[in-house]
J.: 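Just dropping this structure here.
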Amino acid sequence: MKVTVFGTHDYDRASLEEANAGGMHVLDFVTKGLNARTAARARGAGAVCTFVNDRLDACVLEAVYASGARLVALRSTGYDNVDLVAAKKLGLTVLRVPAYSPHAVAEHAIALIMALNRKTHLANARVHRQDFTLDGLVGFDLFGKTVGVVGTGRIGVVAARILGQGFGCKVLATDPVPCSACMEMGVRYVELAELLAAADIVTLHCPLDSGTRHLVDSAALQRMKPGAMLVNTSRGAVLDTQAAIAALDSGKLGALGLDVYEGEAALFFRDLSDQALTDETFKKLLAFPNVIVTGHQAFLTREALRGIAETTIRNLTDFERGDPCTDNLVPHR
Ligand code: NAI
């Protein structure tokens, strides 16, 4: 099947080509993301393959349908960027990669926690200026601290294990569907309000949907321990960014680590280094020394890229055979 693969970079192109080594599919790589203007590139293709910041609203999906493609193959776990009602109306199948390496994302969340705590971003910059002083770089032992894990699915359970069994943290969690593996390792499930009030560090691992949009808003931030750390590697809009900035300004929030950002669709995955930054909210975030932002790279390990590519190619093959894997089908609303 011919597949138009939108928003590709060298790293995902290489892993997709490797997974498609048998030549099952004809992959047409496009660096631009999928939108109403670029959708025409899919003419003659049976499927479009997209990533997290392609906004698949009704208008874009209609353009995909008009191109002749009948499958949207997401190279992601999250599908909050897809209008599922419109997809259903058009009869487009939407497949995703429900699991690749949960370790990649969980370990990146830990990297953000450790960098913020031990201020490695500031320390490295100082050493490069030949400033070898240590004032202002005091961190804390993770051992014995209370960490709150919001969402204990595939990624959250790995984060809970690293924090609880690796660092010796006390782990609290909140999830409408508690996980037995977490309970077996001593994680205590509590309501979100209790978790926020007790945790020294909160790490977000829930999906973005109507129930979790701005789950961490100004009221939630006010419930947090003064000076606590918040890390978000889930989806930008789970956190109300303006509220987080206000909490950083007041000192209520002690540190913020973000791999995802509400306005990331206009920024991430592109080299904009020759342009002035116009996103005022993002500018404010970057001005805080106790904020670290990475550009949606938590998934970016060799193992995860291989996993994404292999499942994506399998999704294309299964769809072509008329037998899409039900676990990978995005539920139509
Ligand atoms: P998953 O579906 O295995 O787990 C999500 C968990 O969140 C489930 O246990 C669910 O019950 C829980 N949940 C739902 N609503 C909740 C709420 N209101 N409060 C607390 N928990 C809630 O998903 P997985 O694989 O663990 O991924 C989680 C999210 O991480 C994805 O939806 C995606 O948005 C994000 N992600 C980010 C990546 C990155 O590169 N930054 C890469 C992959 C995923």
Side-chain angles (χ1 to χ4, degrees), residues 3-19 27-39 41-42 47-57 60-61 63-64 72-83 94-97 100-101 104-105 107-109 111-112 115 121 155 204 207-208 231-239 241 256-283 285-286 291-309 311-313:
V3 184
T4 309
V5 191
F6 286 94
T8 48
H9 299 265
D10 288 350
Y11 49 82
D12 44 17
R13 182 177 178 146
S15 51
L16 282 164
E17 277 175 339
E18 201 181 321
L27 305 179
D28 174 27
F29 292 102
V30 184
T31 50
K32 286 199 168 120
L34 173 61
N35 57 43
R37 287 188 308 280
T38 58
R41 175 73 182 254
V48 294
C49 182
T50 66
F51 201 46
V52 290
N53 283 332
D54 294 323
R55 196 126 300 282
L56 305 185
D57 58 19
V60 172
L61 291 172
V64 167
V72 176
L74 307 175
R75 303 196 295 284
S76 60
T77 302
Y79 48 86
D80 50 275
N81 55 328
V82 187
D83 182 338
V94 184
L95 289 166
R96 66 174 179 140
V97 182
Y100 39 97
S101 169
V105 184
E107 289 172 14
H108 192 75
L112 291 174
H121 56 307
I155 296 167
L204 306 178
L208 173 63
V231 166
N232 186 12
T233 57
S234 63
R235 283 291 181 269
V238 175
L239 172 67
T241 317
L256 177 65
L258 299 178
D259 184 53
V260 287
Y261 165 61
E262 283 187 278
E264 70 174 58
L267 299 170
F268 288 4
F269 306 125
R270 270 168 286 169
D271 181 359
L272 304 176
S273 56
D274 61 347
Q275 297 177 27
L277 188 57
T278 54
D279 181 330
E280 295 299 327
T281 306
F282 198 69
K283 264 195 219 172
L285 281 175
L286 296 189
V291 172
I292 295 183
V293 186
T294 51
H296 206 138
Q297 69 165 82
F299 72 98
L300 199 64
T301 67
R302 282 192 292 277
E303 292 79 2
L305 287 171
R306 196 180 312 123
I308 292 170
T311 304
T312 299
I313 297 297

J.: Is there a side-chain contact between Leu239 and Leu258, using heavy atoms and a 4.5 Å cut-off?
T.: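 Yes. Closest side-chain heavy atoms under 4.5 Å.
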J.: Without swapping roles, check the side chain of Glu264 against the backbone of Asn53 for a donor-acceptor pair under 3.5 Å.
T.: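 Absent.
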J.: Hey, could you give me the CD/CG distance between Glu18 and Leu305, rounded to the nearest 0.5 Å?
T.: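 With rounding to 0.5 Å, CD (Glu18) is 10.5 Å from CG (Leu305).
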J.: Determine, step by step, whether Leu112 and Thr233 satisfy the side-chain contact (heavy atoms from CB on, under 4.5 Å) criterion, reporting the C-alpha distance in whole Å, the side-chain angles of both residues, the deciding distance to 0.1 Å, and the verdict.
T.: CA-CA 9 Å; Leu112 291 174; Thr233 57; 4.0 Å; yes
J.: Using side-chain heavy atoms (C-beta onward) and a distance below 4.5 Å, is His108 in contact with Thr301?
T.: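 Counting from C-beta outward, His108 and Thr301 never come under 4.5 Å.
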J.: Between Leu16 and Val5, does a side-chain contact (heavy atoms from CB on, under 4.5 Å) hold up when you go through it step by step?
T.: CA-CA 10 Å; Leu16 282 164; Val5 191; 3.8 Å; yes
J.: From Arg96 CZ over to Ser76 OG, what is the distance, rounded to the nearest 0.5 angstrom?
T.: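 Taking CZ in Arg96 and OG in Ser76, the distance rounds to 8.5 Å.
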J.: How close do Leu61 and Leu56 get, heavy atom to heavy atom, and via which atoms?
T.: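 So the minimum-distance heavy-atom pair works out to CD1-O, 3.5 Å.
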J.: Taking only residues two or more places apart in sequence or in another chain, which ones pass salt bridge (charged side-chain N to carboxylate O under 4.0 Å, His left out) with Lys283?
T.: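 With neighbours one apart ignored, the set is Glu280.
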J.: Could you walk me through whether Arg270 and Thr31 pass the side-chain contact (heavy atoms from CB on, under 4.5 Å) check?
T.: CA-CA 10 Å; Arg270 270 168 286 169; Thr31 50; over 6 Å; no
J.: If you measure from OG1 on Thr281 to CD on Glu262, what distance do you get to the nearest 0.5 Å?
T.: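 Reported to 0.5 Å precision, the distance equals 8.5 Å.
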J.: Determine yes or no for a side-chain-to-main-chain donor-acceptor pair under 3.5 angstrom, with Thr38 supplying the side chain and Gly33 the backbone.
T.: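 Side chain of Thr38 to backbone of Gly33: a pair is present.
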J.: Hey, does Val48 have a side-chain heavy atom less than 4.5 Å from the side chain of Val3?
T.: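 Val3 does not reach Val48 side chain to side chain.
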J.: What I'd like to find out is whether the side chain of His296 reaches to under 4.5 Å of the side chain of Arg235, using heavy atoms alone.
T.: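 They are in contact (side-chain heavy atoms under 4.5 Å apart), so the answer is yes.
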J.: Of all heavy-atom pairs between Leu286 and Val293, which one has the smallest distance, and what is that distance?
T.: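 The pair with the smallest heavy-atom distance is CD2-CG2, 4.1 Å.
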J.: Quick one: pull up CD1 in Ile308 and OH in Tyr100 and give me the separation to the nearest 0.5 Å.
T.: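 Ile308 CD1 to Tyr100 OH: 4.5 Å, rounded to 0.5 Å.
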J.: Do Gln297 and Thr294 come close enough that some side-chain heavy atom pair is under 4.5 Å?
T.: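 They are in side-chain contact.
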J.: Rounded to the nearest 0.5 Å, how far apart are CZ of Phe6 and CZ of Arg75?
T.: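 Between Phe6 CZ and Arg75 CZ, I get 10.0 Å after rounding to 0.5 Å.
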J.: Backbone N or O of Asp12 within a donor-acceptor pair of the Ser15 side chain at under 3.5 Å?
T.: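 Indeed, once roles are kept as given, a pair shorter than 3.5 Å links the two residues.
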J.: Looking at every non-hydrogen atom in both residues, tell me the closest pair between Ile292 and Ala115 and how far apart they are.
T.: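 That would be CD1-CB, 3.5 Å.
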J.: Flag the pair Asp279 / Leu267 as yes when at least one side-chain heavy-atom distance between them is below 4.5 Å, and no otherwise.
T.: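 A side-chain contact exists here, since the closest heavy-atom pair is under 4.5 Å.
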J.: Can you list the residues that meet the ring-ring contact (aromatic ring centres under 6.0 Å, His included) rule with Phe299, with sequence neighbours excluded?
T.: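 Residues passing ring-ring contact (aromatic ring centres under 6.0 Å, His included) with Phe299: Phe51.
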J.: Given Phe29 and Thr4, is the side-chain contact (heavy atoms from CB on, under 4.5 Å) satisfied, shown in steps?
T.: CA-CA 6 Å; Phe29 292 102; Thr4 309; over 6 Å; no
J.: Cut-off 3.5 Å, side chains only: do Tyr261 and Asn232 have a donor facing an acceptor?
T.: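 Per modelled atom types, Tyr261 and Asn232 side chains form no pair under 3.5 Å.
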J.: Set out, in order, the CA-CA distance, both residues' side-chain angles and the distance that settles side-chain hydrogen bond (donor to acceptor under 3.5 Å, both in side chains) for Ser101 and Glu303, then state yes or no.
T.: CA-CA 7 Å; Ser101 169; Glu303 292 79 2; over 6 Å; no
J.: Taking the side chain as every heavy atom from C-beta outward, state whether Thr77 and Val105 have any pair of such atoms under 4.5 Å apart.
T.: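 Thr77 does not reach Val105 side chain to side chain.
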J.: Looking at Ala19 and Ile313, what are the two nearest heavy atoms and their distance?
T.: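 Result for this residue pair: CB-CG1, 3.6 Å.
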J.: Between Ala266 and Leu272, what is the shortest heavy-atom contact and its length?
T.: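 Smallest interatomic distance, heavy atoms only, reads O-CD1, 3.9 Å.
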J.: I need the minimum non-hydrogen distance between His9 and Phe269, along with the two atoms involved.
T.: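 That closest heavy-atom pairing would be CE1-O, 3.0 Å.
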J.: Below 4.5 Å, heavy atoms only, C-beta onward: do Asp54 and Asn35 meet side chain to side chain?
T.: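 Sidechains of Asn35 and Asp54: no contact.
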